[in-house]
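Worksheet: one structure, shown below.
Small disclaimer: the values here were computed from a predicted structure and weren't measured. Position 1 is the first residue of the sequence; numbering continues from there. Atoms within each ligand, like the ligands themselves, are counted from 1 in listed order.
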Amino acid sequence: MKILCKHIFFLPNTDYLCRKSKCMEIERLYADNALKINEMSEMATAIVREYYDPVIGEAQNTYMLQKFQTPDSIVGQINNGARYYFFKNNGFNIGFMSFYPRNDAMYLSKWYLYKQYRNCGFGRQCLQFIIQEAKKEHLVAIELNVNRYNPTQRIYEHFGFHRIREEKIDVGCGFFMDDFVYRLDFNADAERLKSLVANGLADDDIKQIAYKILDGSRITDNEALALYTRADLGLLGMLAFEIKRRKSGDKVYYNRNFHIEPTNVCINNCKFCSYKKPKDDPQAWELSMDEILHRVAAYKGSKATEVHIVGGVHPDRDIDYYCRLIREVKKIIPGIVVKAFTAVEIEYMINKAGLSIEDGLKKLIDNGLQCIPGGGAEIFDEKLRAEICPEKTKSSVWLDIHRTAHKLGISTNATMLYGHKETYEQRIDHLSRLRKLQDETGGFSAFIPLKFRKENNSMHDFGEVPLTEDLRNYAVSRIYLDNFPHVKAYWVMSGLETTKLALQYGADDIDGTVDDSTKIYTMAGVDGKPSMTVEQIRQLIESVGLTPVERDTFYNEIK
Ligand code: V47
Ligand code: SF4
């Protein structure tokens with residue numbers, strides 16, 4: 001059985017617009033407390049009777065009268081097979097949804113949050129509730145339509161829905177809506193996989209964790225530790241791939257991008273960094289604005305959709321310089337998305353200008369910043385951070401900058417530098433801080449594990465971890481970060497063969513074409529030129545049986 005959800009409207013037909021406007025009017029009056037519950041109920045019932053189904057109309061009437069008496073909480077009721085759920089908070093009605101069975105499916109006929117409660121996080125709460133109900137019913141999937149311009153898509157992705165197709169909906173009166181259909185699969189293969197786990201060699205406690213994961217539940221820190229230390233790599237791959245499959249099917253995302261690294265001169269001295277050089281070093285560079293813009297101009301007319309701008313924290317540059325840089329880039333290629341500056345660079349420029357994080361970010365956004373990359377996170381554990389990158393932005397500030405960016409409406413990425421001196425507990429602590437922030441804001445798009453590379457830096461003697469450790473880390477991260485829509489295997493850092501394997505261990509994104517425009521990893525010892533054509537990327541993804549999908553920075557698919 002499936003749940004089919006229709007967002008906002010009941011069923012598409014010719015009187016849709018008329019019905020919709022009446023319903024909206026009633027809801028508005030009710031939300032403004034201008035209507036009493038029985039008046040609202042009668043009017044709503046009349047509309048449902050007139051336009052839809054008398055039985056459901058009655059049920060709605062009975063339901064409304066009963067349910068508005070209930071105390072705070074999300075409440076539900078079954079009437080004649082139809083269910084109505086009203087969302088309440090602090091005694092106020094914040095919205096409602098209703099769904100009812102038809103043939104072998106449940107239709108979510110309406111899901112609506114009153115205007116003043118939108119953007120307050122209730123959308124997430126309601127969706128969580130719908131998912132929980134669907135699981136209780138043992139439904140296999142939820143499908144719902146969302147208007148392609150509706151920003152709530154991010155919420156669905158946050159919960160693991162993936163876009164399966166586009167649909168043109170005839171809403172009557174000659175109007176059409178362009179929708180995306182999103183789908184969340186619960187346990188298509190869960191039972192089959194559970195029996196594989198049951199027949200496998202894992203210890204009982206690992207098996208219990210595996211069942212929990214396959215049931216779609218969140219794992220605890222202790223369970224993550226058990227997976228890191230005791231789970232078989234094959235089992236981890238199977239679980240992580242299943243989670244990836246539920247989130248993005250067999251798709252693997254890539255984009256057409258290039259980097260600009262304005263300088264490798266930096267006020268910090270991170271011990272793992274092979275990139276930073278003193279000003280007078282022959283390997284140091286400080287590109288002028290003209291040089292940068294010249295590089296950008298080379299992509300004019302190309303199909304690149306994103307420029308990724310990051311570099312060292314240069315002591316002489318300030319926020320006005322970087323705002324101008326973004327503006328000039330946009331003048332040259334107006335449509336390009338500017339993903340720029342790690343939280344470390346941002347902290348420096350904002351402090352230098354004497355601005356708060358919020359005002360500094362607003363300024364950057366007003367000048368065209370659209371996304372913040374995930375760099376600078378390293379490892380959040382304060383003690384280890386003080387050892388390997390003592391001057392760097394504090395973990396709490398890194399998180400604050402990303403939190404504020406999300407609240408201001410831009411998405412960001414998160415990274416973790418692993419494979420040096422950190423313990424598994426420290427990795428889990430790092431992932432846990434990210435998971436909590438993502439619960440709060442939902443603003444992260446992708447998590448990118450970055451493997452420590454040892455050449456030309458003062459942590460050389462730590463060596464590099466083996467491939468098995470990379471895969472273990474991809475898998476546990478994918479499983480643990482259940483609220484991150486994407487895990488990226490950054491091919492420039494991991495190399496092509498590891499990237500292919502990472503796609504079997506939970507990654508669903510490999511970054512982009514890059515076009516030989518970054519030096520961070522070649523300077524740290526990674527072989528080969530960081531450049532791939534679209535054909536090479538697609539071949540790489542297809543070679544492991546998955547489907548390449550070009551995306552923009554925000555994971556909109558590009559046809
Ligand atoms: O923060 C520096 C890492 C990061 C080394 O958001 C090293 O889409 C390994 O964050 N060994 C910058 N890692 C790169 C980065 C990134 C890359 C690609 C995509 C995105 C994204 C973000 O590089 C730094 C640091 O963690 N790093 N030196 C090294 N020796
Ligand atoms: Fe500077 Fe970044 Fe290198 Fe640290 S990792 S020294 S902040 S360039």
With a 4.5 Å cut-off on side-chain heavy atoms, are [Y] and [X] touching?
{"X": "Leu399", "Y": "Phe380", "answer": "yes"}
{"X": "Thr441", "Y": "Gln438", "answer": "yes"}
{"X": "Val492", "Y": "Val526", "answer": "no"}
{"X": "Val487", "Y": "Leu481", "answer": "no"}
{"X": "Thr547", "Y": "Val252", "answer": "no"}
{"X": "Gln539", "Y": "Pro548", "answer": "no"}

Suppose I only count heavy atoms of Asn268 and a 4.0 Å limit; which atoms of ligand 2 are within that range?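 Answer for ligand 2: 6 (S), 7 (S).
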Among side-chain atoms of [X] and [Y], is any donor-acceptor pair under 3.5 angstrom?
{"X": "Asn268", "Y": "Glu391", "result": "no"}
{"X": "Lys276", "Y": "Asn269", "result": "yes"}
{"X": "Tyr555", "Y": "Asp509", "result": "yes"}
{"X": "Tyr480", "Y": "Asp221", "result": "yes"}
{"X": "Thr404", "Y": "Glu358", "result": "no"}

Quick one: which of Tyr490, Tyr418, Trp491 has a heavy atom closest to atom 18 (C) of ligand 1?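 Among Tyr490, Tyr418, Trp491, the closest heavy atom to atom 18 (C) of ligand 1 comes from Tyr490.
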Between Tyr253 and His486, is the ring pair (Phe, Tyr, Trp, His ring centres under 6.0 Å) condition met? List the steps. CA-CA 9 Å; Tyr253 297 97; His486 305 285; 5.2 Å; yes
Taking distance alone, with N or O pairs closer than 3.5 Å, would you say [X] contacts ligand 1?
{"X": "Gly375", "value": "yes"}
{"X": "Asn413", "value": "yes"}
{"X": "Phe272", "value": "yes"}
{"X": "Glu378", "value": "yes"}
{"X": "Gly374", "value": "yes"}

For [atom], closest protein heavy-atom neighbour:
{"atom": "atom 4 (Fe) of ligand 2", "result": "Cys270 SG, 2.3 Å"}
{"atom": "atom 5 (S) of ligand 2", "result": "Lys392 NZ, 3.4 Å"}
{"atom": "atom 21 (C) of ligand 1", "result": "Ile448 CD1, 3.2 Å"}
{"atom": "atom 11 (N) of ligand 1", "result": "Arg453 N, 2.9 Å"}
{"atom": "atom 12 (C) of ligand 1", "result": "Ile520 CD1, 4.1 Å"}
{"atom": "atom 14 (C) of ligand 1", "result": "Leu450 CD1, 4.1 Å"}
{"atom": "atom 1 (O) of ligand 1", "result": "Gly376 N, 2.7 Å"}

For atom CZ of Arg218, decide whether the heavy atoms of other residues, nucleotides or ligands shown that lie under 6.0 angstrom number more than 12. yes
Which is it for Ala524 and ligand 1 at heavy atoms under 4.0 Å: side chain, backbone, both or neither?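 Looking at Ala524 and ligand 1, just side chain atoms fall under 4.0 Å.
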Is there a heavy atom of [X] sitting under 4.0 angstrom from any atom of ligand 1?
{"X": "His308", "result": "yes"}
{"X": "Met459", "result": "no"}
{"X": "Lys454", "result": "no"}
{"X": "Lys451", "result": "yes"}
{"X": "Tyr521", "result": "yes"}
{"X": "Asn457", "result": "yes"}

When the ring centroid of Tyr228 is compared with that of Tyr424, is the distance short of 6.0 Å?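 Yes, the ring centres sit under 6.0 Å apart.
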Show which atoms of ligand 1 fall inside a sub-4.0 Å distance from at least one heavy-atom site of [X].
{"X": "Pro373", "result": "6 (O)"}
{"X": "Leu417", "result": "7 (C), 9 (C), 13 (N)"}
{"X": "Phe452", "result": "9 (C), 11 (N)"}
{"X": "Lys488", "result": "8 (O), 21 (C)"}
{"X": "Thr415", "result": "10 (O)"}

For Ala414 versus Phe444, what's the shortest heavy-atom pair and its separation?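 Heavy atoms only, the tightest pair is CB-CE2, 3.7 Å.
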Carboxylate-amine/guanidinium contact Asp320 Arg324, below 4.0 Å: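 Arg324 and Asp320: not salt-bridged.
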Counting backbone and side-chain atoms alike, is an N, O or S atom of Cys273 positioned under 2.8 Å from atom 3 (Fe) of ligand 2?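 It does: Cys273 brings an N, O or S atom closer than 2.8 Å to atom 3 (Fe) of ligand 2.
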Taking N, O or S atoms only and a limit of 2.8 Å, check whether Cys266 reaches atom 1 (Fe) of ligand 2. yes
